[in-house]
Amino acid sequence: MDLRLSDEHRMIRDMAREFAQKEIAPIAAHCDETGEFPYETVRKMGAQGFMGIEVPEEYGGAGMDTLAYVLALEEISKVDAAHGVIMSVNNSLYCYGILRYGNEEQKQRYLRPVASGQLIGAYALTEPQSGSDAGNIRTTATLSPDGSCYVINGTKSWISSGPAAKYIVLFAQSDPEAQPRHRGVSAFIIDTDEPGFHRGKTEPKLGIRASATCEIHLEDYRCPVERRLGQEGEGFKIAMSVLDAGRIGIAAQALGIAEAAYEAAVAYAREREAFGQKIGEFQMIQQKIADMKCRIEASRLLIYQAALAKEESKQTGRRYTLESSMAKLFASETAMWVTTQAIQIHGGMGYSKELPIERYFRDAKVTEIYEGTSEIQRMVIARLELGLR
Ligand code: CAA
């Protein structure tokens with residue numbers, strides 16, 4: 001694995017770092033406090049090319065590679081993880097799905113405006129009864145008698161960017177008789193301005209509070225057949241392969257959060273004095289700093305490895321599920337652990353809302369939950385290693 005960054009990679013990383021410092025840092029605490037969706041900065045992120053980094057320019061994106069995506073997402077998340085997840089969902093869960101499985105017309109109509117950041121995209125898999133057990137979908141999609149559209153009914157929950165999205169890639173059962181059930185799932189592109197689409201309650205969340213998350217309800221929503229993504233019955237595989245990409249994004253988000261907490265902890269340990277010396281001179285603090293640094297750098301290697309595996313898969317078609325799950329598992333648990341240690345090093349100040357450390361801690365938690373819990377990642381990794389799938 002060649003870890004040297006090219007000039008192009010360094011350029012996008014520096015661009016994202018500068019953008020995050022200039023545009024996001026001044027509003028991050030306010031967004032967290034109010035939970036307001038940051039439409040204005042997201043629009044500016046689109047203008048910089050951050051909302052469709054891997055999408056070719058002909059479809060409105062920046063035409064760069066997975067490593068470029070990861071580097072930019074890490075920098076944005078380091079300043080604000082809520083902006084990070086909005087970017088990740090748009091790039092990985094929406095754009096990547098349409099880029100990989102959409103036909104030319106779908107790419108022109110539904111990818112271009114979202115990859116360029118003019119509109120926001122989302123992904124709807126989860127339902128009230130099916131989080132980890134994603135194949136247990138009850139939302140139905142019934143082909144109309146004239147075959148022109150699917151009539152969709154059901155409820156989706158925990159939809160990140162749901163309140164802001166214009167288009168959503170949504171999964172529903174189009175063949176309730178299929179065995180196993182996941183082979184009856186199909187994917188659809190939903191226009192949220194059409195009749196039959198309703199937004200439900202917005203979730204009051206512990207962290208990433210500015211990234212709006214809501215329930216959605218479909219009541220006799222008519223989706224034209226031209227907006228089915230991929231073949232009938234191919235939906236579950238689309239959902240899973242899109243999550244392979246998405247999990248690399250969440251890993252990069254977690255890395256950004258961990259780095260922010262780590263840098264704050266190092267600065268504090270250099271300044272703060274106790275018992276007549278800097279606290280960084282105490283071995284118990286040094287042990288924490290050393291372990292934080294090692295886990296962060298190990299996360300980075302797993303994430304960059306997953307990014308390279310995804311890039312390679314564009315040529316070979318080889319699945320990178322293992323690399324992606326390992327990166328997501330390790331980076332998210334690192335983010336949770338590092339932010340916990342960062343609070344401990346800061347003592348009372350770490351617990352105060354005057355500093356962003358407690359925000360990093362709250363934001364880190366969700367990375368162990370969404371896009372597959374740590375338990376699911378361990379299951380995926382172990383099944384692949386044991387040859388059970
Ligand atoms: N790529 C392509 N196909 C895949 C795949 C992948 N990564 N993983 C599985 N498949 C295929 C299998 O080959 C199998 O195909 P066949 O029908 O040909 O046999 C089929 O999918 C079913 O696979 P499994 O038998 O492994 O399915 P399972 O029911 O045991 O579940 C699971 C697998 C890994 C547990 C899956 O349900 C899962 O990932 N659950 C977690 C769900 C999740 O991550 N949700 C996130 C919601 S989105 C979100 O969180 C976004 C956000 O807010 C930011």
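In what follows, every heavy atom counts, from backbone to side chain, and hydrogens, waters and symmetry copies are set aside. Counting starts at 1 for both ligands and their atoms, following the listed order.
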Applying the salt bridge (Lys or Arg N to Asp or Glu O under 4.0 Å) criterion to E203, which one of R199, K201, K205 satisfies it? K201

Just distances here: any N/O of [X] and N/O of ligand 1 closer than 3.5 Å?
| X | result |
| --- | --- |
| R247 | yes |
| T126 | no |
| D133 | no |
| G372 | yes |
| Y123 | no |

Side chains of Y167 and L119, heavy atoms from C-beta outward: is any pair under 4.5 Å? yes

Compute the ring centroids of F171 and Y123, then answer whether they are less than 6.0 Å apart. yes

Charged N to carboxylate O under 4.0 angstrom, D65 versus K310? no

Would you mind listing every side-chain hydrogen bond (donor to acceptor under 3.5 Å, both in side chains) that reaches into residues 141-150, with sequence neighbours excluded? S144-D146, D146-S148, Y150-R228, Y150-E232

Enumerated ligand 1 atoms positioned under 4.0 Å from heavy atoms of G131: 42 (C)

Per-atom contacts of ligand 1 with V89, taking only distances under 4.0 Å to non-hydrogen atoms: 54 (C)

